[in-house]
Amino acid sequence: MMKNRFIYFLVFMLLPVVMMAQYKLNFGLRQQQPASELPKGKAPLIPAIRKSKTDMKGVVTPAGEQQYRLSDGWEMLDGKSVISSGKSVFDMAGNRADWYHATVPGTVLTTLVEQGVYPDPYFGLNNLHIPDSLCRKDWWYRINFDMPVDIDGKVTRLLLNGINYKADIWLNGKPVGDMAGAFKRGRFAVSDVVKPIGNVLAVHIFPPNNPGIPHEENEKWFGPNGGALCLDGPTFISSEGWDWIPGIRDRNIGIWQDVLIQVGGEVTMDNHQVITDLMLPDTTVADITVKTELHNEGNLTKNIQLNARIGNILVKKLFEVPAHGQVLATLSPKEFAALRLKNPKLWWPNGYGSQPLYNLDLELMDEGKVTESRTVRFGIRELSYQLTVDTSDRQDLRVEYSPTDVQQKGCPLFDYVSRRELKGKHKWTTIGRLRDEVDAADFKKIDDSGNPFLVIKVNGQPVFCRGGNWGMDDGMKRVSRERLEPYIRLHKEENFNMIRNWTGESTEEAFYELCDEYGMLVWNDFSISTEFYNLDPLDEALFLANATDIVKRYRNHPSIAIWCPRNEGYAPEGLEEQFQKMIAREDGTRHYHGNSRSLNLMASGPWSYIKEPLRYYTEYAEGFNSELGTPSVPAYSTVKKFIPEKDLWPIGDVWYYHDLHIGSFEWKDYIEDVNRMGNASCRDAQEFCRRAQVINYNSHRFMFEAWNHKMWNNTSGLLLWMSHPAWPSMIWQTYSYDYETHGSFYGCKKACEPVHIQWNMNDRKIAVANIGLTAYRNAVASFSVYDLNGKLLYDRKMKISPAANALSTAEEVIIPQDIDKLVLVRLQLKDSKGQLLSVNDYWYEKGLSCAPVSLGSVGPVHLQASVKRKMNAKDNRCIVNMKNTSGRIAAFVKLNVVDAITGEPVLPAYTSEGYFNLLPGESKIVDIDLPESTSSDKLKLAVEQLNGESTVYDVF
């Protein structure tokens with residue numbers, strides 16, 4: 001232990017020196033790797049099959065009030081081929097054969113893969129066969145469309161919600177504007193060039209200036225994280241390649257969000273904002289303030305009536321908007337008493353309450369006619385924050401503040417440049433200063449100066465933040481709501497309440513909408529990565545323009561809790577002050593946190609497999625940690641989807657390319673422990689993956705339980721690195737890219753359940769972490785020990801009254817010394833009426849570990865399954881009754897509904913329990929929620945146990 005501590009101390013002491021040395025070096029590779037360093041597979045490449053070209057006119061579909069989406073009929077071709085053809089981009093009649101039918105929204109690579117030009121880059125080593133030149137070309141998109149409505153006498157506008165990296169926009173042969181950066185919308189007045197029929201819209205996409213050269217992951221190294229592409233932020237900087245994803249060959253360039261045509265009057269409204277302000281601690285009254293920008297594109301001053309409706313509440317106000325001018329229209333409760341809502345339905349993070357959402361309907365009326373309508377969805381909640389700061393006259397001042405109450409003055413609050421590093425116990429933590437011009441009297445003083453760490457509060461209640469990082473939603477930016485929703489729901493199912501949008505790689509409407517609906521707080525970075533290691537963006541004005549549009553576009557989402565300038569570092573000197581001023585001006589309802597680690601936080605990491613999980617308790621469980629991770633091999637049913645059969649075993653180059661970094665992150669210890677759990681080393685990939693789920697379950701549960709055991713004792717949050725995979729990966733995930741939920745998912749789900757009983761590894765006390773707002777008096781905790789045959793060896797009960805939103809601790813419990821073999825320890829918590837609140841099993845063998853050695857001797861037993869099916873408008877569920885009919889314990893039982901023909905799991909599926917244990921004669925009810933489209937005529941139930949083949953039951 002002392003040796004390990006010395007090594008970690010040495011690493012942390014040398015880290016700044018190493019990072020400073022790397023700073024000038026991390027442009028990534030200067031030349032392609034030699035062929036000898038590239039991973040090689042045994043399976044031959046299966047070439048893609050080019051789809052036949054289908055020519056079609058552009059499809060225009062309604063997309064809300066007075067706007068229409070250009071949804072299909074797009075074409076795409078690289079710029080060199082366009083010029084070589086000698087034909088005009090706008091010639092749609094005889095100039096289509098060479099163009100690809102394009103996917104919009106989508107990227108260049110999305111189109112080329114879907115059209116069969118290149119193979120699926122997620123399978124095997126296919127990504128190596130896609131040329132990296134895709135990101136070094138310009139590309140043309142075009143679409144031929146007719147206007148869906150009469151445009152005579154109306155104003156027509158074009159809206160592109162997101163391109164990457166730069167674009168020139170042309171309509172009917174005329175330039176209408178340009179765009180730059182992945183996160184800024186493009187709005188263009190096109191009334192003078194649009195036609196009723198026969199329009200040709202062309203978007204000329206330019207690649208980033210510094211796409212970099214990806215390092216291909218191999219057995220020796222995963223390569224430098226990122227490189228030259230970071231210079232071109234704002235963009236998807238991880239697409240140059242990171243330690244969790246390879247280089248994406250087009251760097252995600254293209255029209256990656258939708259394209260709209262808007263038809264209305266000369267005055268339009270934009271960048272709406274809804275501010276909700278509670279009278280904390282009173283939550284029975286909410287003040288609603290509505291703001292929107294009115295833009296007049298006409299030559300005459302206009303008197304415009306703005307109507308705002310929330311349910312039965314309607315307020316109206318006239319605004320004078322000068323010709324070619326802009327007015328910020330504000331409707332406040334000071335002027336309209338109806339905007340002071342009584343007994344509002346509050347939005348809460350998952351586990352603390354429900355997530356009701358309101359609609360604000362806005363209308364513009366010109367001379368008695370409605371010329372434009374928009375709907376804004378919002379939630380009523382107020383964010384507040386506790387943290388420790390310095391002021392001009394004292395240090396270590398613990399404060400609480402609500403930005404809604406303080407930042408309405410529109411000025412920055414904190415000085416992160418004049419920060420101070422703490423000493424002693426919290427020496428990795430820094431704290432900032434209140435600016436001298438800020439009145440400290442506006443902040444509530446808290447008598448807790450020994451706690452430097454951030455606490456996030458919602459509606460006056462502190463939220464114990466538990467969740468994970470999203471490095472990117474999808475490596476190819478396929479980010480439809482339908483594709484993303486299962487991932488966000490899985491976060492809710494595993495009882496998480498926060499997602500960190502790492503470097504803003506997942507910045508799109510659907511992501512935030514789903515976080516609103518499923519109660520996920522969002523820690524939102526902007527797209528700059530690690531200070532002193534990754535490069536800062538070259539064009540700060542471009543970066544700020546994109547960041548400003550992000551704030552203005554997404555600020556109404558109740559889920560967003562934090563704005564943060566970058567990953568693991570402070571904003572570049574030229575941007576820090578501008579960030580603060582912009583967020584105070586354009587938002588004013590959220591905290592701007594100047595660093596994602598160290599600033600009122602613990603140092604991030606480690607990201608490695610921890611062989612002795614007690615260390616989570618003794619070395620790491622402290623404060624708010626935004627990154628803590630460990631390897632996480634998926635289930636075999638997933639692995640065989642992306643690794644060719646010939647490369648499945650033994651572990652080799654294809655595994656390494658999919659992020660199994662054998663020389664780092666203590667992967668060798670992970671693999672060694674997987675093998676130690678059996679009587680012999682694993683024989684094949686299926687056995688390896690099955691045993692790995694024991695480690696996944698335990699390691700993820702132990703991480704969160706370590707933080708649980710210090711809940712609110714200077715400990716307020718833990719975010720895994722990572723919860724979500726951007727592609728088929730072996731590392732840092734709580735579920736896999738295909739929505740399968742493996743051991744990591746259920747370990748998190750167990751440790752993060754709203755009321756959770758646990759046996760602390762450090763002090764052996766029974767504790768209950770209750771994150772809900774309901775207290776339980778006179779509950780009963782039980783501690784029972786069973787041998788492998790289910791014989792009760794030891795039993796103890798104790799009274800405990802779990803307080804609301806708190807940790808409650810009971811007695812220390814030590815297993816009798818005469819119990820020296822592998823046993824199952826079961827903890828149960830029942831309320832005063834005998835209702836089961838929590839059950840938690842540990843496999844114990846001379847201590848608790850991620851991989852109990854003798855667990856490999858626990859073979860499969862006979863189980864009996866019966867299934868009831870619920871199929872109606874709301875449900876498509878299976879209710880499974882699993883019973884252990886044998887005389888031994890069934891260990892790590894996992895259920896999957898599978899296709900009767902292929903045997904593949906039906907996904908996404910939301911299963912109430914997984915990797916559970918059954919005592920002899922014990923039954924368990926498991927709910928499985930299936931996709932709505934799943935029929936019942938070709939399904940079976942697959943039941944997996946540790947160290948045994950899956951059993952398939954024909955019970956449907």
Working for side chain to side chain contact (heavy atoms under 4.5 Å, CB included), residues L294 and E372: CA-CA 11 Å; L294 304 182; E372 185 169 320; over 6 Å; no

Stepwise side chain to side chain contact (heavy atoms under 4.5 Å, CB included) check, L521 with V458: CA-CA 10 Å; L521 293 173; V458 177; 4.2 Å; yes

Evaluation steps, side-chain hydrogen bond (donor to acceptor under 3.5 Å, both in side chains), between T375 and N359: CA-CA 6 Å; T375 297; N359 283 333; over 6 Å; no

CA sep, side-chain torsions, deciding dist, call: T503, D525, side-chain hydrogen bond (donor to acceptor under 3.5 Å, both in side chains): CA-CA 5 Å; T503 71; D525 293 349; 6.0 Å; no

Check against side chain to side chain contact (heavy atoms under 4.5 Å, CB included), Y385 and H593: CA-CA 11 Å; Y385 307 84; H593 203 72; over 6 Å; no

Derivation and outcome, side chain to side chain contact (heavy atoms under 4.5 Å, CB included), residues F496 and N350: CA-CA 7 Å; F496 285 173; N350 182 37; 5.7 Å; no

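Every residue two or more places apart in sequence or in another chain that forms a salt bridge (Lys or Arg N to Asp or Glu O under 4.0 Å) with R157 is listed here: E297. With sequence neighbours excluded, the residues satisfying side-chain contact (heavy atoms from CB on, under 4.5 Å) with Q578 are L544, L575. By the side-chain contact (heavy atoms from CB on, under 4.5 Å) test, D436 is found to be paired with S392, R433, residues two or more places apart in sequence or in another chain being considered. Applying the ring-ring contact (aromatic ring centres under 6.0 Å, His included) rule to F236 yields the partners F183, W256; only residues at least two apart in sequence or on another chain are considered. Applying the side-chain contact (heavy atoms from CB on, under 4.5 Å) test to K316 and every residue at least two apart in sequence or in another chain returns Q305, N307, L314. Under the side-chain contact (heavy atoms from CB on, under 4.5 Å) criterion, A308 pairs with V315, L331, L360, L362, sequence neighbours left out. Partners of E382 under the salt bridge (Lys or Arg N to Asp or Glu O under 4.0 Å) rule, at least two apart in sequence or in another chain, do not exist in this structure. Listed by chain and residue number, D536 satisfy the salt bridge (Lys or Arg N to Asp or Glu O under 4.0 Å) test with R566 (two or more places apart in sequence, or in another chain). For F526, the ring-ring contact (aromatic ring centres under 6.0 Å, His included) partners are W563, F579, not counting sequence neighbours.
Ion pairing between R435 and E577 holds under the 4.0 Å rule for side-chain N and carboxylate O. Using a 4.0 Å cut-off between charged nitrogen and carboxylate oxygen, E363 and R309 do not count as a salt-bridge pair. Remark: E509 does not engage R377 in a salt bridge, criterion side-chain N to carboxylate O under 4.0 Å. Ion pairing between D178 and K166 fails under the 4.0 Å rule for side-chain N and carboxylate O. A salt bridge does not link R597 with E627: none of the charged nitrogens is closer than 4.0 Å to a carboxylate oxygen.
There is a side-chain donor-acceptor pair under 3.5 Å between R500 and N567. A side-chain N or O of T430 and one of Y570 form a donor-acceptor pair less than 3.5 Å apart. If you check the side chains of Y512 and N524, you find a donor sitting under 3.5 Å from an acceptor.
Summarising the local packing, NZ of K445 is surrounded by more than 12 heavy atoms from other residues, nucleotides or ligands at distances under 6.0 Å. The number of heavy-atom neighbours closer than 6.0 Å to NZ of K317, taken from other residues, nucleotides and ligands shown, is above 12. Taking a 6.0 Å sphere around CD of E573, one finds it holds 12 or fewer heavy atoms contributed by other residues, nucleotides or ligands. No more than 12 heavy atoms of other residues, nucleotides or ligands lie within 6.0 Å of CD in E421, so this atom counts as exposed by the packing criterion.
A heavy-atom distance below 4.5 Å is not found between the side chains of T404 and T276. Side-chain contact check for P462 versus N805: some heavy-atom pair is nearer than 4.5 Å. When side chains are defined from C-beta on, E505 does not count as touching W470, because their heavy atoms never get closer than 4.5 Å. E531 has its side chain out of reach of E568: every pair of non-hydrogen atoms, C-beta onward, lies at least 4.5 Å apart. Contact of the K477 side chain with the N164 side chain is not registered, since no non-hydrogen atoms from C-beta on lie closer than 4.5 Å. Within the 4.5 Å cutoff, the side chain of L397 has no heavy atoms near those of the T388 side chain. Residues T289 and T330 form a side-chain contact, since some pair of their non-hydrogen atoms from C-beta on lies under 4.5 Å apart. The shortest side-chain heavy-atom distance between Q273 and F378 does not fall under the 4.5 Å cut-off.
How far OG of S354 is from CG of L346: 8.5 Å, rounded to the nearest 0.5 Å. To the nearest 0.5 angstrom, E293 atom CD is 4.5 Å from Q326 atom CD. Atom CG of residue N501 and atom CE of residue M472 lie 10.5 Å apart, to the nearest 0.5 angstrom. Rounding to the nearest 0.5 Å gives a distance of 8.5 Å between OG1 of T283 and CG of N343. A distance of 10.5 Å separates CG of L538 from SG of C230, quoted to the nearest 0.5 Å.
Between H724 and Y487, the ring planes lie perpendicular to each other; the angle is over 60°, past the 30° to 60° tilted range. Using cut-offs of 30° and 60° on the angle between ring planes, the pair W502 and W721 is perpendicular. Ring pair Y401/F443 is tilted by interplanar angle, where 30° to 60° counts as tilted.
The minimum heavy-atom distance linking I237 with I528 is given by the pair CD1-C, 4.3 Å. Taking every heavy atom of both residues into account, M582 and V551 meet most closely at SD-CG2, 3.8 Å. Taking each heavy atom of G504 and T507 in turn, the nearest pair found is O-OG1, 2.8 Å. Shown here for R381 and W347, the closest heavy-atom pair between the two residues is CB-O, 3.5 Å. Of all heavy-atom pairs between D232 and Y165, the closest is O-OH, 2.8 Å. For F414 against H591, the heavy-atom pair with the smallest separation is CE1-CE1, 3.6 Å.
Residue pairs meeting the salt bridge (charged side-chain N to carboxylate O under 4.0 Å, His left out) criterion with at least one member in residues 267-289, sequence neighbours excluded, are R187-D270, D287-R340. Each side chain to side chain donor-acceptor pair (under 3.5 Å) pair with one or both residues in residues 539-550, not counting sequence neighbours, appears once here: R185-D549. Sorted by first and then second residue, the salt bridge (charged side-chain N to carboxylate O under 4.0 Å, His left out) pairs with a member in residues 456-471 read E400-K457; sequence neighbours excluded.
For the pair N625 (side chain) and L719 (backbone), a donor-acceptor distance under 3.5 Å is absent.
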